[in-house]
Amino acid sequence: MHEDGNNGTGEATAPVAPRCADQEFLALERELTVLLRRARASQGEMAREVHPDLEPAAYGLLIRLDEQGGRRATELAAYIGVGKATMSRQLRALEDLGLIAREPDPADGRAWLVTLTDEGRGRVGRVREARRARYVSQLAHWDRREVAELARLLHQLNDMAEK
């Protein structure tokens with residue numbers, strides 16, 4: 001087949017039907033596409049709830065700091081999957097909003113740890129509690145084991161994507 005998608009006669013070739021075994025992966029791709037589209041919109045809402053000027057992409061950083069405590073900027077950049085310059089810009093914006101602070105790393109005086117300020121911790125905590133309550137309400141008809149299994153599988157998928 002030629003790169004232009006025809007068979008050399010100027011006629012387009014018919015698409016190849018996916019093998020039966022690939023249907024699960026096509027369904028996964030479809031559902032992840034919908035989930036990610038909705039998650040981006042939701043992330044924007046959550047970011048605005050934390051602070052009206054917060055970039056949606058920075059919400060994940062705040063969650064990481066809330067759960068893990070102080071982290072180096074390089075570690076945060078690796079976790080989120082962005083470069084140092086992007087991370088530096090996001091951290092500067094969060095610092096300007098009063099949501100994070102930088103403090104010397106006790107393990108290495110040359111390095112800095114990024115931590116949530118009291119204001120940042122309070123704002124993130126309120127948004128996370130509201131989001132948790134929403135999930136509880138939306139998934140009330142689910143068995144708790146199903147919720148735990150979904151969380152486990154998403155964690156496994158996220159871990160695989162990190163590598």
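Worth saying up front: this structure is predicted, and the values here are computed from it rather than measured. Positions are given from 1, in the same order as the sequence printed here.
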Return yes if some donor-acceptor pair links the side-chain N/O of [X] with the main-chain N/O of [Y] below 3.5 Å, else return no.
X: Q43; Y: P56; value: yes
X: R123; Y: V50; value: yes
X: R121; Y: L116; value: yes

### Task
Could you tell me whether R110 and D105 make a salt bridge, using a distance below 4.0 angstrom between a side-chain N and a carboxylate O?
no
### Message
I'd like to know if R132 pairs up with E129 as an ion pair, taking the criterion as any Lys NZ or Arg NE/NH1/NH2 lying under 4.0 Å from an Asp or Glu carboxylate oxygen.
### Response
yes
Tell me whether [X] shares a hydrophobic cluster with [Y], the cluster being built from Ile, Leu, Val, Met, Phe, Trp, Tyr side chains joined at under 4.5 Å.
X: L35; Y: M160; answer: yes
X: L157; Y: L28; answer: yes
X: I63; Y: M87; answer: yes
X: M46; Y: L36; answer: no
X: V147; Y: L154; answer: yes

### Query
For D143, does the CG atom have more than 12 heavy-atom neighbours from other residues, nucleotides or ligands under 6.0 Å away?
yes
### Query
Hey, is CZ on R152 packed in by over 12 heavy atoms from elsewhere, all under 6.0 Å?
yes
### Message
So if I apply the side chain to side chain contact (heavy atoms under 4.5 Å, CB included) rule between L61 and each of I80, D66, V82, V114, which one comes out positive?
### Response
I80
### Query
With respect to E49, which candidate in L54, V124, V127 satisfies the side chain to side chain contact (heavy atoms under 4.5 Å, CB included) definition?
V127
[atom1]/[X] to [atom2]/[Y] distance, rounded to the nearest 0.5 angstrom?
X: H141; Y: L139; atom1: NE2; atom2: CG; result: 6.5 Å
X: R102; Y: T115; atom1: CZ; atom2: OG1; result: 10.5 Å
X: E95; Y: I100; atom1: CD; atom2: CD1; result: 5.5 Å
X: L99; Y: Y59; atom1: CG; atom2: OH; result: 12.0 Å

### Message
Using a 6.0 Å distance limit plus a 45 degree cone around the ring axis, check whether R64 lies over the aromatic ring of Y79.
### Response
yes
### Task
Report yes if some heavy atom in the side chain of E29 is under 4.5 Å from a heavy atom in the side chain of E24; otherwise report no.
no
### Query
Would you say the side chain of S42 lies within less than 4.5 Å of the side chain of R131, judging by non-hydrogen atoms?
yes
